[in-house]
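Scroll down for the structure; my scribbles are underneath it.
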Number of protein chains: 2
Amino acid sequence: MVLSRTSQYAVQALIYIATQPAGEPVLNRDIAERLNVPAAYLAKILQSLCKQGLLDSFRGRLGGFCLRDGMQKTSLMQVLLLTEGPDFTKSCILGLKECSDHSACPMHFKWVPVKKKIIAMLQEMNLEELAKAVRTGKYRLADLPAAALPA
Amino acid sequence: MVLSRTSQYAVQALIYIATQPAGEPVLNRDIAERLNVPAAYLAKILQSLCKQGLLDSFRGRLGGFCLRDGMQKTSLMQVLLLTEGPDFTKSCILGLKECSDHSACPMHFKWVPVKKKIIAMLQEMNLEELAKAVRTGKYRLADLPAAALPA
DNA sequence: TATAATTCGGACAAAAAACTCTTTAGGAGT
DNA sequence: ACTCCTAAAGAGTTTTTTGTCCGAATTATA
Ligand code: FES
Ligand code: FES
């Protein structure tokens, strides 16, 4: 309803990394397995997040990815601006090029307040808090494996 | 941020048809030109909306598409359930297969209230009202043509 | 120094979404 | 009956997104 698969993988991975001890690199393979997403594809996404400054990467033995220092409090909004592009929040719901009060589609004045709520929500959630929530065990980052479902 | 291009075209076209005199078929060609959208592609979308019961179509001279009788008050939610599929509102923002209180991702309890707002908004907007808004001339369905932009 | 483990980078492949072309069939006017 | 105008249908193309593969570079450790 809102996010590309790439963004979903990125967010899941970042939260997962944030749940792990800071400073200890996490293996791409482990993240992919844990989240049940394609490892090679996830690697690309993580590499891109490195280039964009959210992650640090280390090659060779004891290598892996970890959150760059000071990025614990990165908001989901910041992440999505990287993965969805800088116009993420700027678009008209009907797809018009410009979305502004003086150039409005018929849904504009209903949509804008809702959009503001979405943006506020994305800005107030950060990786550290989400990771903390996951560590309580009450929330999950990936689907239940089929094996765990009732027969 | 929320809708596929197909859905955007569908909604734009339906609103445009609703602005036209009821019972008089509107040409696909005219809709496409007015919305500045690929005609052949739009035709497919309209055909699909016919099959799904929102529109009536007529071939030959004086042919075209018009809203099926009684569909003037169709809500955007109903339209999007057709164009985006019946799971449109059911998805988890992180992409998990199940989105429910007892199987929640870490964003679930923040996301669900916002999602409810989106759904409420989509349910309360219907084609007739949107068309009326467009007829006032204050709102638009398509981008300003490049020719109309300041040089 | 050799080895194993890891990311990096680029090319490639598959799938989905967006869009086009061409032919057929149906309906209105003459 | 004929012609013109329209949507219907289906195959095909292009573009974007998602996903794979492989070889090279980098690093810890034995
Ligand atoms: S112009 Fe369409 S949402 Fe603002
Ligand atoms: S489980 Fe993720 S939004 Fe409900």
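Numbered from 1 within each chain, the chains take letters A, B, ... in sequence-line order. Basis for what follows: all heavy atoms, side chains included, without hydrogens, waters or symmetry-related copies. Only a predicted model underlies this, so the values are computations on that prediction, with no experimental measurement involved.
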- Could you check how far CD of A:Q47 sits from P of D:dT18, rounded to whole Å? 17 Å
- Item | Contact check, side chains of B:L130 and B:Y139, non-hydrogen atoms, under 4.5 Å | no
- Short question: side chain of B:T74, backbone of B:M71 - any donor-acceptor pair under 3.5 Å? yes
- With distance as the sole test, does A:Q12 use its side chain to make a donor-acceptor pair with the main-chain N or O of A:Y9 at under 3.5 Å? no
- How many Å lie between CG on A:L55 and P on C:dT7, as a whole number? 12 Å
- Message: Whole angstroms only, please: what is the CG-C1' distance between A:D56 and C:dC8?
- Response: 15 Å
- What pair of heavy atoms forms the shortest contact from B:A18 to B:L67, and how long is it? CB-CD1, 3.9 Å
- Message: Keeping B:E84 on the side-chain end and B:S4 on the backbone end, is there a donor-acceptor pair under 3.5 Å?
- Response: yes
- Query: Counting only side-chain N and O atoms of B:T6, is one of them less than 4.0 Å from OP1 or OP2 of C:dA18?
  - Reply: yes
- Item | Between C:dT7 (P) and A:I45 (CD1): distance, integer Å | 14 Å
- Are B:S57 and B:Q47 side-chain neighbours, meaning at least one heavy-atom pair lies under 4.5 Å? no
- Under 4.0 Å from any atom of DNA chain D, heavy atoms only: list the residues of residues 20-31 of chain B that qualify, in numerical order. B:L27, B:N28, B:R29
- Message: Could you tell me if the side chain of A:M125 sits less than 4.5 Å from the side chain of A:L76, heavy atoms only?
- Response: yes
- A:L42 CG to D:dT17 P, in whole Å, measures 18 Å
- Message: For A:K90, is there any backbone N or O sitting under 3.5 Å from a side-chain donor or acceptor partner on A:D87?
- Response: no
- Query: Looking at the side chain of A:K44, which of C:dT20, C:dG10, D:dA7 is the nearest nucleotide?
  - Reply: C:dG10
- Task: Indicate yes or no for a side-chain donor-acceptor contact from B:D143 to the backbone of A:L96 under 3.5 Å, with no hydrogens or angles considered.
- Result: no
- Nearest to the side chain of B:Y41, which nucleotide is it out of D:dG19, C:dT20, C:dA11? C:dT20
- Note on the structure: Ranking D:dT20, C:dC8, C:dC19 by distance to the side chain of A:F65, first place goes to C:dC8
- Whole Å only: how far is the NZ atom of A:K51 from the C1' atom of C:dC8? 8 Å
- Message: So does B:T19 get a backbone contact from the side chain of B:R135, meaning a donor-acceptor N/O pair under 3.5 Å?
- Response: yes
- Query: Looking at A:Y9, does any N or O in its side chain come under 4.0 Å of the phosphate oxygens OP1/OP2 on D:dG19?
  - Reply: yes
- Item | End-to-end axis angle, where each axis spans five pairs of the helix from C:dT1-D:dA30 to C:dT30-D:dA1, to 10° | 0°
- Just to confirm, is there a sub-4.0 Å distance from OP1 or OP2 of D:dA8 to any side-chain nitrogen or oxygen of B:S57? yes
- Query: Please give, in whole Å, the distance from C:dA16 C1' to B:R5 CZ?
  - Reply: 15 Å
- Note on the structure: Once base and sugar-phosphate atoms are separated, protein heavy atoms under 4.0 Å mark nucleotides 23-29 of chain C, 5' to 3', with B, S and - as --BBBSS
- Item | Sub-4.5 Å side-chain heavy-atom contact between A:I31 and A:L46 | yes
- Message: Under 4.0 Å between a side-chain nitrogen and a carboxylate oxygen: does that hold for A:E124 and B:K110?
- Response: yes
